[in-house]
Amino acid sequence: MRIFLAMLSHETNTFSNVPTDRAQFEARDLSYGGEIVETYRGTGTCLGGMIAAAERLGMALLPSVAASASPAGLVTRDIYQHVKQRMLTDLRAAGRLDGVLLDLHGAMVPEGVDDGEGDIITAVRQAVGPDVPIAVTLDFHGNLGEGMIAGADLLHGYKTYPHVDMAERGVEAAERLTQVIAGRLKPTAAWRKPPLMPPLGRQGTTRGPMRRLYDLADEMERDPKVISVSLFAGFPYADIPDAGLGIYVVTDDDKALAERLADRLARVAWEHRHEFIHTALPVKDAVANALAADGRPIVLADMADNTGGGAAGDGTEILRELLRVGARSATVACIWDAAAVQACVKAGVGASVTLDVGGKVDDRHGAPVRMTGVVRTLSDGRFIHRGPMMNGLPGRLGATAVLDANDIKVILISYRWQTLDPEMIRFVGIDPLREKILVVKSTIHYRAAFEPIAKEIIEVDAPGLSSSNLARFEYRRVRRPIFPLDPDTVYEPD
Ligand SMILES: [Zn+2]
């Protein structure tokens, strides 16, 4: 079996003024050909799962391009066209193919294209013709759209948030693709988009409304006629018509069953829509509660400054409050401020510096904070993910410095990355278990690795572009009415 393999992954926050250009991809991943297999083999990623399954199933993989960048603003036209053309050129050169495996996101918005994945899948379908099956893995935050469904035979969305099942979905996509190639499955899909746009903070799948929906989906998947059920919570910070919850059911040649199950899921999601409303503590109360709490570490989740949701990663409001109250034994992980890192590098380890830290990207993550502290450590920012997410995958934070102001330590990084792994704190020489307060910039993902070590978790309502308070955003393009932006939205599922 000759299987084409490619990855293009970006979650686009259209409210961000940070363009996602070639440099942003180069900072994370922009690789080609056989190098892709070497990088991802054995990792907890979709590609890792696809590669493992391919080797087991005797597929000959034809790897083309793997491109991903930290979530931020629109993907620039040139890098998007570059990756797309590379895929199409490699497809033309590939000769006869039995199938295509794509690892995409679902919430990518290139300049001038609302539905990036729909555009890619459509182009790949045109290149391979109608008879070569295409299986795609998509992020749980994908904003499901018609282009994706029309062009692909199989979509496999992650079923977890925190995303701990990426490798599993990669394996599943490869295995199902083999069955389609062998003529043993005939994928027949139904999909629904109820007018519902869940904020990030209530999308977690360990509890709450998404758990309820996935319990139901798991039950549906026990039917041998059901190939898979994907529930996309959607990405509410991409202001495009398709933003919001998506339901996708694929059966083995049973259209009526797919439609019936999709209807049922849409109805249950809608009935429980109010459970998606999220509230968090104001900064002052959150810090006061953390200081008063027993034990350690107390995790303060800066949910709205999640670079994984396209926020700047340089939000300062919690740091400002920690400094104001004179907290001790606190670590802020991390603040994206390459200029501050360079000032620390110039001063050297052990030097005292006064810097304006963070708050520089825009006016939506707090103002810069003037801070005097000692440069504790400097590093090249390379670490290995050791938590349940992306286990084994190398991480790159670029030049990294720890600035310590009377035991409030700020990890300053040069590449944006979400605080989803305590290793990001450990590798700079700070033991997360010994800190009283850990500030993490993450909405939900941090829970996979931090819940087991945290004495307590406090969700904070600081400003930022991944805020779960959707009233903070000026929507122009999302379809209306939609809940919760329009609380009186009417929807009558079948
Ligand atoms: Zn996601």
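Hydrogens, waters and symmetry mates are skipped; everything else that's a heavy atom, side chains included, is used. Each ligand, and each atom within it, is numbered from 1 in the order the structure gives. Remember, predicted model here, so these are calculated numbers, not experimental data.
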TODO: For residues 303-314, pull every pair meeting salt bridge (Lys or Arg N to Asp or Glu O under 4.0 Å), keeping only residues two or more places apart or in separate chains.
DONE: Asp305-Lys441
TODO: Provide the atom name of the closest N, O or S atom of Asp139 relative to the Zn ion (ligand 1).
DONE: OD1
Open item on the list: Applying ring-ring contact (aromatic ring centres under 6.0 Å, His included), can you list everything that pairs with Phe427, at least two apart in sequence or on another chain?
Closed with: Phe383
Open item on the list: What is the name of the N/O/S atom of His141 that is nearest to the Zn ion (ligand 1)?
Closed with: ND1
- [ ] Determine, stepwise, if the pair Arg273 / Glu275 fulfils salt bridge (Lys or Arg N to Asp or Glu O under 4.0 Å).
- [x] CA-CA 5 Å; Arg273 63 192 176 282; Glu275 293 174 18; over 6 Å; no
- [ ] Compute whether any side-chain donor of one residue and acceptor of the other, for Ser467 and Asn469, lie under 3.5 angstrom apart.
- [x] no
Task: the Zn ion (ligand 1) reached by His163 (N, O or S, under 2.8 Å) - done: yes
